[in-house]
Amino acid sequence: MLSLNNAIKLKAKAPLLLHSFTLPTTKITLAFRSVSTPLNETALSLNTTTPNTIPFLPSPFLRCRAAMTTAACVQVKEQIELTETEKKIFDRLLNTLRHFNLQTQLRVAGGWVRDKLLGKECYDIDIALDNMLGSEFVDKVQEYLSTTGEVAQGLAVIPSNPEQSKHLETARMRLFDLWIDFVNLRCEDYSENSRIPTMKFGTAEEDAYRRDLTINSLFYNINTNLVEDFTKRGLEDLKFGRIVTPLPPKATFLDDPLRVLRAIRFGARFDFTLDEELKKAAACDDVKTALAAKISRERIGTEIDLMISGNQPVKVIDYICELTLFWVVFSLPPKVEPSVSEECYRLSAAYLDASWKLIQLIGCANFDDEQRRLCLYSALFLPLRSAAYKDRKDKKIPVVNYIFRDSLKRKASDADTVMNIHKSLEKFLSLIPSFLSNEDIQLTEVDWGREFDDVHFTSKLRVLTGFLLREIKDFWRVALLISTLLYPTSTECSQDIIDKHFQLDKRKNIFVSVDNAIVKLGLEKVWDLKPLVNGKDIMNVLQLKVGGPLVREWQQKALSWQLAHPSGTAEECLDWMKETHSKRIKMDVGHRFRQAEVSR
């Protein structure tokens, strides 16, 4: 097995310091491939004013609808500017060193350094210690604070778990309302017979080379107030927008396969370019097998959720597809019916792309963060919504439910919401023509339920829409958006709709028209509508002593009447119920009489 320590020893020992670091200015002009560009043409061209150009390669996963973008020169700050809260935190830590006469070097590691250099605020502070465990230092901080009358909060120790690629014990405490994590600098040795390393104290350089990416390998030395670049390329890769591993990517990914997804997430988030060797390693069978077997599904699900909730969800899924990781991440249960095509991921990616663009066209203000997140999941899993499998009890379970609960280990409510959105699509599709052209609703295509059969046609659109929105509540606009992607075709996903590029402007107009009509009908928050009559009122009208299915049926009928008569009162609703119930009794008596006559 490759010895990572030997690879580290080949590197120079002195880190680059930010105050002495400069880079040539490179002007880069990008010409992006349009959707009509043939796949064998160059996706982008470069114009540079200096000879120090960087080769940008088009992604091999090219689609008719989008091209992978490439980052140009990134603005990196010359020094890190601390907030007042950060100054207070670091002062307390340095005072702890002085109080106990400790010779410890305190370094903020990873994402905080990267984000501060990019001019972004970051509240995730991880501090690496060169000569003691995090738990030992936290104890010292707590003891020091007690001498000043301050109280340490939220003290905790998170143990290591090498089986799940968590090799370090982490100590945590809360200072000035910020969580601070403390870990020791690490060095790992691998035996030939084990994939689990032996952890020991390491130098800052050794720790930097163990990091997932060079842009995350930078340190901010609290003792010296300097940024340290031990890989001697972290600052350069940050400056030029490159996603690169400090050591050979395959060894880095096999050490912790979750780094593959982190590389994708950071590449998309910052619009940086994935290194070609990194992409080859990420797509190799050994790494994919390790990702599936070695990393807990919770950790994978957390990364995917961060990606979908981020600023570039389409690019993330593009990378996952390009690197042939889609079915590794979104694993399926055995014996899926109907069977899922291996190429189904292309449809999933296309629907995600279309929904993301449609959200931008409609306006992000129409959707909160949770609605946007579950809208994207609904689009991503749209081609799978009819697929199911049987569990151990031979019960038929939707595949979408399996992906959320087993493949990604997300909360059950996410699965339920997305499945409810999928379930509502056929009903929305049957209503859209009436909203657009005032046509009569065609109930024959969708099973709405018998309780709506006798609703007057002039009220039917309002009644049915009201019931539909009460089923999906705050996510009705999400369901409407997904429905517009399918309209006016059948609800089965097909390549034909992808080839037409969705005609998003037309679908935006459909969404806006239906949305405005629903608001005009006063149904925007219809699930908050309080029923005019309750179960007790219904039991009195029906002269029942106990409740049951009949009461539930009349509750639906009463709500239907209320939606059809938005200005109606409780008394009017009860009068209608009495009249309708009386007619039903007379009809039942007449029916029994005719049956008796026939039997004679």
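Quick caveat: nothing in here was measured; it's all calculated off a predicted structure.
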Rounded to the nearest 0.5 Å, how far apart are CG of L291 and CG of D286? 12.5 Å

Ion pair R405/D416, N-O distance below 4.0 Å: yes

Using modelled atom types only, decide if a donor and an acceptor are shared between the side chain of T214 and the backbone of G234 within a distance under 3.5 Å. no

d(D414 CG, L408 CG) to nearest 0.5 Å is 9.5 Å

What I'd like to find out is whether the side chain of F272 reaches to under 4.5 Å of the side chain of V74, using heavy atoms alone. yes

Any salt bridge linking R242 with D275? Criterion: basic side-chain nitrogen under 4.0 Å from a carboxylate oxygen. no

Side-chain contact, heavy-atom cut-off 4.5 Å: Y351 with P383? yes

What pair of heavy atoms forms the shortest contact from R211 to A109, and how long is it? NH2-CB, 3.5 Å

Salt bridge between R477 and D515, side-chain N to carboxylate O under 4.0 Å? yes

Over all atoms of both residues, closest heavy-atom pair of A283 and T324: O-OG1, 4.0 Å

Could you tell me whether R373 and E370 have a side-chain N and a carboxylate O separated by less than 4.0 Å? yes

Basic-acidic side-chain contact under 4.0 Å: K116, E121: yes

Can you tell me how far the OH atom of Y389 sits from the OH atom of Y402, to the nearest 0.5 Å? 7.0 Å

Do side-chain atoms of D130 reach the backbone of Q105 as a donor and acceptor pair under 3.5 angstrom? yes

Within the side chain of S331, is there an N or O that forms a donor-acceptor pair under 3.5 Å with the backbone of V328? no

Could you report the tightest heavy-atom contact between V260 and V287, atom names first, then the distance? CG2-CG1, 3.6 Å

Is the backbone of I359 close enough, under 3.5 Å, to the side chain of K508 for a donor and an acceptor to pair up by distance? no

Any R269 side-chain heavy atom under 4.5 Å of N311 side chain: yes

So that I can tick it off, tell me whether D229 and R233 are bridged by a salt bridge, with the cut-off set at under 4.0 angstrom between side-chain N and carboxylate O. no

Candidate pair K250 and E277, rule salt bridge (Lys or Arg N to Asp or Glu O under 4.0 Å), full reasoning: CA-CA 9 Å; K250 185 173 181 179; E277 289 301 315; over 6 Å; no

For the residue pair C344 and L384, what are the closest heavy atoms and their distance? SG-CD2, 4.0 Å

Determine the interplanar angle of the W112 and Y220 rings, folded into 0 to 90°, and report it as parallel if under 30°, tilted if 30 to 60°, perpendicular if over 60°. tilted

Answer yes or no: is there an ion pair linking E471 with K423, defined by an N-O contact shorter than 4.0 Å? no

Value for CG (D115) from CG (N216), rounded to nearest 0.5 Å, stands at 8.5 Å

Contact between I320 and M307 at the side-chain level, heavy atoms closer than 4.5 Å - yes or no? yes

Parallel, tilted or perpendicular, as decided by the 30° and 60° cut-offs, for the rings of F326 and F330: tilted

Ionic contact status for D271 with K315, cut-off 4.0 Å: yes

Main-chain N/O of V329 paired to R297 side chain as donor or acceptor, under 3.5 Å: yes

Apply the test salt bridge (Lys or Arg N to Asp or Glu O under 4.0 Å) to residues R114 and D237: give CA-CA distance (whole Å), side-chain angles for both, the deciding distance (0.1 Å), then the verdict. CA-CA 11 Å; R114 176 201 66 226; D237 288 336; over 6 Å; no

Taking side chain as C-beta onward, heavy atoms only, is L213 less than 4.5 Å from I243? yes

In sequence, state the C-alpha distance, the side-chain angles, and the governing distance for E303 and R262, and then conclude on side chain to side chain contact (heavy atoms under 4.5 Å, CB included). CA-CA 7 Å; E303 280 296 322; R262 286 173 56 82; 3.5 Å; yes

Ring-plane angle category for Y377 and F381, please: parallel below 30°, perpendicular beyond 60°, tilted otherwise. parallel

Is the closest side-chain heavy-atom distance between D177 and R174 below 4.5 Å? yes

If you look at every heavy atom in L376 and S355, which pair is closest and at what distance? CD2-OG, 3.5 Å

Report the distance from atom CG of L155 to atom CG of D139, rounding to the nearest 0.5 Å. 8.0 Å

Test side chain to side chain contact (heavy atoms under 4.5 Å, CB included) on F182 and M173; report intermediate values, then the result. CA-CA 8 Å; F182 297 87; M173 71 186 308; 3.7 Å; yes

Under a 3.5 Å distance rule, please check whether R172 uses its side chain to pair with a backbone N or O of V157 as donor and acceptor. no

Give the C-alpha distance, both sets of side-chain angles, the deciding distance and a yes or no for side chain to side chain contact (heavy atoms under 4.5 Å, CB included) between T245 and R259. CA-CA 9 Å; T245 56; R259 290 169 173 170; over 6 Å; no

Heavy-atom distance under 4.5 Å between the side chains of L325 and K288, does that happen here? yes

Does K409 use its side chain to pair, donor to acceptor, with the backbone of S296 at less than 3.5 Å? no

Evaluate side chain to side chain contact (heavy atoms under 4.5 Å, CB included) for I125 paired with W179, printing each intermediate quantity in order. CA-CA 7 Å; I125 301 178; W179 284 106; over 6 Å; no

Give me the atom names and distance for the closest heavy-atom approach of C321 to A349. SG-CB, 4.0 Å

4.5 Å side-chain heavy-atom contact, K525 and W527: yes

Looking at F176, I want to see if its CZ is surrounded by more than 12 non-hydrogen atoms of other residues, nucleotides or ligands under 6.0 Å. yes

Gap between atom OG1 of T104 and atom CE of M132 - 0.5 Å precision: 4.0 Å

Donor-acceptor check, side chain of W476 to backbone of L468, threshold 3.5 angstrom: yes or no? no

Is a side-chain donor or acceptor of Q360 paired with a backbone partner of W356 at a separation under 3.5 angstrom? yes

Should the pair F367 and F511 be assigned to parallel (<30°), tilted (30 to 60°) or perpendicular (>60°) ring geometry? tilted

Backbone N or O of R210 within a donor-acceptor pair of the R186 side chain at under 3.5 Å? yes

